[in-house]
Amino acid sequence: MLRIAFASSDRTTVNLHFGGAESLVIYDVSPGRADLIGVGEFMKAEAVGESRRTGLTGTIQDKVLPKLDFVGECSAVYAASIGSSSIRRLMKLGIQPIIVDTGHEILDLLNEVSLALVHGGLAWVDRAKAKALPAPQTETAGAPRHVLLSSIDDLE
C-alpha cells in the first residue's frame, strides 16, 4: 500500500500548486483499491510586504510547512506545479514530487499507481514499494472507496 497526496480544490482533479494549495487530498492505494483517508484544508498564506516578512521580527512566513506535515507519511505528492524549494523539501522527506497537467483526473492517476503496484512501470512506485512497511487498513465511515484497475484485462 502507498499513501498518495493530490493538490486539489475539487477532490477529483489535480488543479493546484503545492505551495499555494488550500486543500490536499490523501488516498491509500493498493492493487485494485484506493481509499480516501484525509483531506487537509489550509488557510491562504498572505505575504506581508515585498520581502514576505511579517511584523517587526523579520520572520518569513512558511506556507509550505503545514502541507509538509500533512503529507509526511505519503510516498508521493501530485500537483499542477511545485516550486524548486518545495521539491527539495519533499525529496528530503522521501516523498516523490510529481507535476501533472492542471485538470488531470485523480482517479486516472490512482489507476496508474494501482497498475504500477502490480506490474511495475513507474520507477518511483517501485522504490516506494521497496521501502514501504505494511500498514493497517483504515476505514473511514462514508469516505469514497474506488475499485481500481490491477490488470489490463480489467479494461475489457
Side-chain angles (χ1 to χ4, degrees), residues 1-45 52 60-140 143-155:
M1 178 200 63
L2 298 181
R3 189 161 282 181
I4 315 287
F6 300 90
S8 175
S9 63
D10 61 11
R11 300 182 189 177
T12 60
T13 60
V14 176
N15 59 4
L16 298 173
H17 180 283
F18 176 72
E22 293 179 23
S23 65
L24 294 167
V25 181
I26 295 181
Y27 279 90
D28 279 343
V29 184
S30 302
R33 177 177 167 165
D35 295 305
L36 176 67
I37 61 150
V39 177
E41 301 288 336
F42 304 92
M43 294 186 60
K44 184 174 176 126
R52 296 181 178 249
I60 297 174
Q61 185 176 19
D62 190 347
K63 64 183 179 182
V64 176
L65 192 56
K67 295 168 185 90
L68 292 171
D69 288 340
F70 184 71
V71 302
E73 295 180 10
C74 291
S75 298
V77 172
Y78 284 84
S81 179
I82 306 174
S84 59
S85 174
S86 291
I87 288 173
R88 283 191 300 276
R89 293 167 84 178
L90 287 165
M91 293 183 78
K92 187 174 182 180
L93 293 172
I95 302 169
Q96 179 67 48
I98 302 168
I99 299 170
V100 296
D101 294 332
T102 298
H104 208 112
E105 294 286 330
I106 291 173
L107 188 55
D108 290 345
L109 296 167
L110 291 168
N111 274 307
E112 183 178 82
V113 172
S114 174
L115 287 168
L117 283 167
V118 176
H119 302 289
L122 291 176
W124 76 263
V125 170
D126 295 338
R127 287 190 304 272
K129 257 177 49 175
K131 71 177 186 177
L133 298 174
Q137 293 294 327
T138 57
E139 296 290 330
T140 305
R145 172 176 290 152
H146 298 287
V147 176
L148 302 176
L149 299 172
S150 58
S151 171
I152 298 299
D153 297 333
D154 292 345
L155 293 172

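Note that this is a predicted model, so its numbers are computed, not measured.
- Judged by distance alone, the side chain of Asp28 and the main-chain N or O of Leu36 form no donor-acceptor pair under 3.5 Å.
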Taking distance alone, no hydrogens or angles, what donor-acceptor pairs closer than 3.5 Å link side-chain atoms of residues 99-127 to residues at least two apart or in another chain?
{"from": "Asn111", "atom 1": "OD1", "to": "Leu149", "atom 2": "N", "distance (Å)": "2.7"}
{"from": "Asn111", "atom 1": "ND2", "to": "Leu107", "atom 2": "O", "distance (Å)": "3.2"}
{"from": "Ser114", "atom 1": "OG", "to": "Gly32", "atom 2": "N", "distance (Å)": "2.8"}
{"from": "Ser114", "atom 1": "OG", "to": "Leu149", "atom 2": "O", "distance (Å)": "2.4"}
{"from": "His119", "atom 1": "NE2", "to": "Ser150", "atom 2": "O", "distance (Å)": "3.0"}
{"from": "Arg127", "atom 1": "NH2", "to": "Gln96", "atom 2": "OE1", "distance (Å)": "3.1"}

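- Looking at every heavy atom in both residues, Lys67 comes nearest to Lys63 through NZ-O, 2.9 Å.
- Within the structure, ring-ring contact (aromatic ring centres under 6.0 Å, His included) contacts touching residues 6-26 (residues at least two apart or in different chains) are Phe6-Tyr78.
- In terms of modelled atom types and a separation under 3.5 Å, the side chain of Ser23 and the main chain of Ser8 share a donor-acceptor contact.
- The two residues Lys129 and Leu2 make their nearest non-hydrogen contact at N-CD2, 4.2 Å.
- In plain terms, the two heavy atoms of Leu148 and Ala34 that are nearest each other are CD1-CB, 3.4 Å.
- Contact check for Leu93 versus Val71: no side-chain heavy atoms found under the 4.5 Å cut-off.
- Sorted by first then second residue, the salt bridge (charged side-chain N to carboxylate O under 4.0 Å, His left out) pairs that include residues 7-17, not counting sequence neighbours, are Arg11-Glu41.
- Here Cys74 contributes atom SG and Ile26 contributes atom CD1; the two are 4.0 Å apart, rounded to the nearest 0.5 Å.
- Listed by first and then second residue, the salt bridge (charged side-chain N to carboxylate O under 4.0 Å, His left out) pairs that reach into residues 14-24 come to none, sequence neighbours excluded.
- Salt-bridge check for Arg33 with Asp35: passed, with a basic side-chain N closer than 4.0 Å to an acidic carboxylate O.
- By the ring-ring contact (aromatic ring centres under 6.0 Å, His included) test, Tyr27 is found to be paired with His146, residues two or more places apart in sequence or in another chain being considered.
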Do any side-chain atoms of residues 80-89 form donor-acceptor pairs under 3.5 angstrom with protein atoms, and if so which ones, sequence neighbours left out?
{"from": "Arg89", "atom 1": "NH1", "to": "Asp62", "atom 2": "OD1", "distance (Å)": "3.3"}
{"from": "Arg89", "atom 1": "NH2", "to": "Asp62", "atom 2": "OD2", "distance (Å)": "2.8"}

